[in-house]
**Q** 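Sharing a structure, written as structure tokens. Questions coming.
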Amino acid sequence: MKRLTVFCVGMITVGLSGCTAVAVDPHAGFPEVSQLVTTRAGKEIAWTPGTEESSPPLEAITARLKDGLSEEEAVQIALLNNHDLQALYARLGIAQADVVQASLLHNPVIDVITGFPIGGGIVDLSFGVAMDFIDLLYVPLRKRMATARFEETKLRVAAEVLDVAWRTQTAFYRHQANEQMVEMRRQVAASTAASFDLAQRMREAGNMREIDLASEQALAEEAKLDLRLTEITVRESRETLNTLMGLWGEESQVWTAQSSRLPEPPREPLNAEHVESRAIERSLDLAAAEQLITAAAENVGLDQASALFPEMVVGGKGERDGGEWEPGPTFTIPIPLFDRGQARIARAQAELRQARELRRALAVRIRSVARSTRDRLDGHRDRARHYREVLLPVRDQVLHETQLQYNAMQVGPLDLLRAKEQQIEAAVRYIDALRDYWLAHADLTLILAGRLPATEPAPAGPALEQAPRFPFPTLR
């Protein structure tokens with residue numbers, strides 16, 4: 001009996017000492033996430049948990065804010081300075097802590113009972129120590145499940161970092177489009193104001209009707225309102241970029257875009273050959289889904305193994321009842337009379353089936369979004385080129401010929417106004433086509449990097465809506 005008791009106590013001591021040697025690495029998983037982002041996006045990320053210091057790369061980039069900001073620099077600043085990302089990296093520490101927790105044994109329990117005789121005499125004393133012995137068998141299963149979820153978390157974090165890069169890129173394109181629109185609206189406002197001034201002089205000379213003068217004034221006033229609305233939109237898109245880049249105070253005011261105009265679409269289309277297979281192969285969403293399936297399968301194994309005997313407490317006990325100590329072993333085993341684990345097993349199996357079906361649904365969605373984004377990119381490229389090469393020159397020619405006919409008094413002022421309005425509308429639609437092309441370009445680039453865009457297609461305007469891409473259940 002004494003030897004058995006000593007053995008139980010020794011087993012508990014060894015198990016406890018072995019488990020306490022496990023430490024939590026606060027940076028666990030981040031190097032893998034950083035490598036994924038660098039490989040897929042060519043950008044650098046930094047994590048400074050618990051500090052207020054900025055990284056040296058960030059200081060080097062922010063020093064260039066006054067020199068004009070490019071789209072790539074805006075994305076890099078966002079990846080280094082966005083505080084939502086710093087909060088996101090804490091998920092890695094949470095998942096790593098879960099792995100460590102899963103590898104730990106349950107703490108032993110010490111039980112001490114004393115009895116004081118009312119009439120006096122020797123105090124009764126009972127001392128015991130016990131530990132869940134069968135927990136030793138379940139530790140590997142729990143650890144494998146937690147490890148799979150840790151791998152899933154790393155993939156999710158990397159995917160959301162790509163999201164921030166994409167959101168910054170699309171926000172930059174929207175801001176460029178808004179600035180280009182402001183430039184165009186200013187030219188229109190100046191032109192219509194000059195035209196109205198000329199019409200006033202013609203009216204004073206008796207060479208224009210009152211209704212024609214009013215039409216010229218209405219066009220000039222509408223141009224002013226359109227310009228003011230576009231200026232408001234520029235401020236909104238600028239603040240969206242400031243938020244993504246984590247800029248505030250003076251830094252949020254000093255930077256300017258390197259170019260206030262969107263670049264022309266390339267003559268050669270983006271290489272989108274085998275876009276479906278490439279999107280599937282590189283998808284971080286699918287890789288995370290696979291890890292979730294692995295975790296769900298391990299969860300099924302754990303529930304099946306622990307169904308009948310979820311715990312078995314083994315320990316030693318010593319009791320003194322007025323005389324010598326009486327040591328001996330103790331065993332505590334639940335009787336599977338009502339709960340045989342059938343509900344837990346059924347739940348785990350249902351979660352596994354759900355994860356597998358969601359993975360298949362996600363694969364179908366990725367293929368569909370990849371195809372539609374490729375087609376959208378080609379369509380907007382053709383639109384933008386057609387506006388620039390065909391429609392805009394035609395509208396310019398129409399306005400020029402109408403102006404000549406107006407000067408020769410062959411057409412009236414309303415015809416000239418209509419020609420001006422059509423030219424303005426064509427210029428606005430051209431800028432919209434450029435913006436839509438570069439937004440689609442950013443979407444397809446993100447898909448081929450391994451992440452679905454938050455919205456398909458991207459909405460117009462400076463505000464970006466986020467939608468979940470991981471509709472997977474959270475396992476126990």
Side-chain angles (χ1 to χ4, degrees), residues 27 29-49 51-92 154-179 237-263 270 282 284 435 438-439 441-451 453-454 458 462 464 466:
H27 292 86
F30 184 76
E32 293 90 333
V33 171
S34 179
Q35 182 62 36
L36 279 172
V37 173
T38 301
T39 302
R40 292 167 182 266
K43 295 294 186 294
E44 178 187 358
I45 61 175
W47 185 20
T48 54
T51 68
E52 297 294 334
E53 300 174 359
S54 60
S55 61
L58 175 61
E59 295 174 359
I61 292 177
T62 52
R64 300 181 59 185
L65 287 174
K66 297 180 181 180
D67 299 331
L69 201 61
S70 68
E71 169 261 324
E72 289 189 358
E73 288 173 331
V75 171
Q76 184 62 83
I77 291 176
L79 293 185
L80 292 173
N81 200 41
N82 186 290
H83 296 290
D84 288 330
L85 283 183
Q86 296 297 314
L88 174 67
Y89 299 146
R91 292 188 193 175
L92 298 170
K154 288 191 285 187
L155 292 168
R156 289 191 184 218
V157 169
E160 294 191 35
V161 172
L162 294 181
D163 277 356
V164 172
W166 168 79
R167 291 172 58 202
T168 306
Q169 187 180 32
T170 55
F172 192 86
Y173 289 146
R174 293 178 191 278
H175 184 63
Q176 276 187 308
N178 292 336
E179 287 196 329
S237 60
R238 183 183 181 89
E239 291 308 322
T240 298
L241 271 173
N242 281 331
T243 300
L244 289 167
M245 293 189 293
L247 301 179
W248 59 281
E250 183 181 355
E251 289 181 343
S252 67
Q253 303 299 322
V254 297
W255 67 267
T256 58
Q258 204 171 71
S259 173
S260 61
R261 288 175 171 266
L262 286 167
L270 182 70
R282 295 178 63 82
L284 293 174
R435 180 202 62 198
W438 287 110
L439 292 180
H441 186 281
D443 288 353
L444 188 59
T445 302
L446 180 66
I447 291 171
L448 296 180
R451 180 66 161 161
L464 294 176
Q466 295 190 63

**Q** To the nearest 0.5 Å, tell me how far L92 CG sits from E32 CD.
**A**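 Taking CG in L92 and CD in E32, the distance rounds to 8.5 Å.
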**Q** Measuring from atom OH of Y89 to atom CG of L85, what distance do you get when rounded to the nearest 0.5 angstrom?
**A**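 Those atoms lie 4.5 Å apart.
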**Q** What closest approach, in Å, do F172 and A74 show between heavy atoms, and which atom pair accounts for it?
**A**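 Scanning both residues completely, I find the closest heavy atoms to be CD1-CB, 3.9 Å.
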**Q** Using the benzene-type ring in the case of Trp, are the ring centres of H175 and W255 under 6.0 Å apart?
**A**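 Ring-ring flag for H175/W255: true, centres closer than 6.0 Å.
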**Q** List the atom of K43, the atom of L79, and the distance in Å for their closest heavy-atom pair.
**A**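 Heavy atoms only, the tightest pair is CB-CD1, 3.3 Å.
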**Q** For a side chain to side chain contact (heavy atoms under 4.5 Å, CB included) check, start with the C-alpha distance between L155 and L36, then their side-chain angles and the critical distance, and finish with the verdict.
**A** CA-CA 8 Å; L155 292 168; L36 279 172; 4.0 Å; yes
**Q** Counting C-beta onward and ignoring hydrogens, is there a side-chain heavy-atom pair between R451 and D163 closer than 4.5 Å?
**A**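 Yes - at least one pair of side-chain heavy atoms lies under 4.5 Å apart.
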**Q** Quick one: pull up CG in L446 and CZ in R40 and give me the separation to the nearest 0.5 Å.
**A**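 Reported to 0.5 Å precision, the distance equals 11.0 Å.
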**Q** What I'd like to find out is whether the side chain of I45 reaches to under 4.5 Å of the side chain of F30, using heavy atoms alone.
**A**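 Yes. Closest side-chain heavy atoms under 4.5 Å.
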**Q** Quick check: closest heavy atoms across L162 and A41, and the distance to 0.1 Å?
**A**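 Minimum heavy-atom separation between L162 and A41: CD2-CB, 3.7 Å.
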**Q** Donor-acceptor pair, distance only, cut-off 3.5 Å: does the side chain of E179 make one with the backbone of R261?
**A**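 Not at all, since once roles are kept as given, no pair shorter than 3.5 Å links the two residues.
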**Q** Let me confirm one number: the CG-CG distance from L241 to L247, rounded to the nearest 0.5 Å.
**A**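 Reported value, rounded in 0.5 Å steps: 9.0 Å.
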**Q** Just so I know, are the side chains of W47 and V33 near enough to count as touching, which here means a heavy-atom distance under 4.5 Å?
**A**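 SC-SC contact between W47 and V33 ruled out.
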**Q** Could you check whether R91 pairs with E160 (Lys NZ or Arg NE/NH1/NH2 to Asp/Glu carboxylate O, under 4.0 Å)?
**A**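 E160 and R91: salt-bridged.
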**Q** Do the side chain of N178 and the main chain of R174 share a donor and acceptor less than 3.5 angstrom apart?
**A**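 Yes; at least one donor-acceptor contact below 3.5 Å.
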**Q** Strictly by modelled atom types, are T39 and Q35 linked by a side-chain donor-acceptor pair under 3.5 Å?
**A**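 Yes, because at least one side-chain N or O of T39 sits under 3.5 Å from a partner of the opposite role on Q35.
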**Q** Could you state the interatomic distance from OG1 (T168) to CG (N82), rounded to the nearest 0.5 Å?
**A**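 It is 7.0 Å, given to the nearest 0.5 Å.
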**Q** Mind listing the closest non-hydrogen atom pair of A46 and Q86 along with its distance?
**A**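 For A46 versus Q86, the nearest heavy atoms are O-NE2, 2.8 Å.
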**Q** Calculate, to the nearest 0.5 Å, the distance between atoms OH and CZ belonging to Y173 and R435 respectively.
**A**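 So the gap between those two atoms works out to 14.0 Å.
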**Q** Taking side chain as C-beta onward, heavy atoms only, is L69 less than 4.5 Å from M245?
**A**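 Yes, close enough: below the 4.5 Å cut-off.
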**Q** Got more than 12 heavy atoms from elsewhere within 6.0 Å of CD, E72?
**A**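 Result for CD/E72: open.
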**Q** Is it the case that the side chain of R282 and the backbone of L448 share a donor-acceptor pair, with hydrogens and angles ignored and the cut-off at 3.5 Å?
**A**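 Yes, because the side chain of R282 sits within donor-acceptor range (under 3.5 Å) of the backbone of L448.
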**Q** Output yes when a side-chain donor or acceptor of D443 lies under 3.5 Å from a complementary backbone atom of P453, and no otherwise.
**A**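 The answer is no, because no donor-acceptor pair under 3.5 Å joins these two groups.
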**Q** Using modelled atom types and a 3.5 Å cut-off, is there a donor and acceptor pairing between side-chain atoms of R238 and backbone atoms of S252?
**A**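 Confirmed, R238 side chain pairs with S252 backbone.
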**Q** Where is the tightest heavy-atom contact between A442 and W166, given as atom of each residue plus distance?
**A**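 Residues A442 and W166, closest heavy atoms: O-CD1, 3.6 Å.
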**Q** Identify the heavy atoms of Q176 and P263 that sit nearest to each other, and give their distance.
**A**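 Minimum heavy-atom separation between Q176 and P263: OE1-CD, 4.3 Å.
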